[in-house]
Amino acid sequence: MGNRSSRSTIRRHPERAVTDEAAEILARGLVAHVGFCEGEQPFVIPMSYHFDPTVPDRLYLHGARESRLLQVLASGAPVSIAVTLVDGLVYSRTAFNHSMNYRSVVCFGRARIIESEAEQRRIFEAMTERYFPGRRVGVDYQGATPQQLAATLLVEVEIEEWSAKARRGGPRGPYDADPSAPGTAGIVPIGD
Ligand SMILES: Cc1cc2nc3c(=O)[nH]c(=O)nc-3n(C[C@H](O)[C@H](O)[C@H](O)COP(=O)(O)OP(=O)(O)OC[C@H]3O[C@@H](n4cnc5c(N)ncnc54)[C@H](O)[C@@H]3O)c2cc1C
């Protein structure tokens, strides 16, 4: 895993590359922004997803069978997926140096349909556990019916390569370290 070609090479602030954190970021993320092309038209659609850091080259998406996104992905078209954790809002004494603290991953890959009902159930239950730790099928909720599974398309994206990038720390404007300078500077923490 990691970047293998120019498409996943970080150009701006390459020192912010945190490739070794990619799996952790994907494991903690809640929303995947999924980019694909239908003909000449690019789309980016927000989706829930499943990711298991013990199988780090796989990411799962699901939705209605008729979903454009899933139909395009199921055809084997290339896909790019971004997941972002926002850790803080960074304010500076200068307009230019306002920023955000974040950790983010961009993945490239291709998908295949998961046809096996047993595999679908395994992944959906693991996905529910990822979003709702401790919730158990058959105890806290009923599993999907065969009809619900039949109406749903589940795809497994094989991640061919990924990049991860993070910004950390306070504002870096020319006056931000000087408490006597006009204005204010600091970080608004977000999340835990
Ligand atoms: C946090 C989050 C998680 C989601 N998780 C899932 C999921 O796991 N599975 C799933 O199938 N769907 C999920 N959705 C809904 C998903 O974003 C799409 O709306 C949905 O998949 C419909 O797909 P479609 O093929 O009908 O879209 P399309 O027919 O391709 O959409 C047509 C147009 O509708 C608009 N559109 C579609 N979705 C959105 C949107 N969310 N916001 C604004 N405009 C939109 C866009 O302009 C798009 O080009 C999620 C949405 C959010 C915000």
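First listed ligand is number 1; within each ligand, the first listed atom is number 1.
Using a 4.5 Å cut-off on side-chain heavy atoms (C-beta onward), L149 and F124 make contact.
R93 places a side-chain N or O within donor-acceptor distance of the main-chain N or O of D176, the cut-off being under 3.5 Å. Under a 3.5 Å cut-off, the side chain of E156 and the backbone N or O of L59 do not form any donor-acceptor pair.
Looking at R103 and E21, no side-chain N of the basic residue comes within less than 4.0 Å of a carboxylate O on the acidic one, giving no salt bridge. Taking a cutoff of 4.0 Å between a charged side-chain nitrogen and a carboxylate oxygen, E119 and R112 do not qualify as a salt bridge.
For ligand 1, the 4.0 Å heavy-atom shell takes in V31, F43, I45, P46, M47, S48, H62, G63, S67, R68, ordered by chain and residue number.
Counting all heavy atoms, side chain and backbone alike, G63 lies closest to L70 at N-CD1, 3.1 Å.
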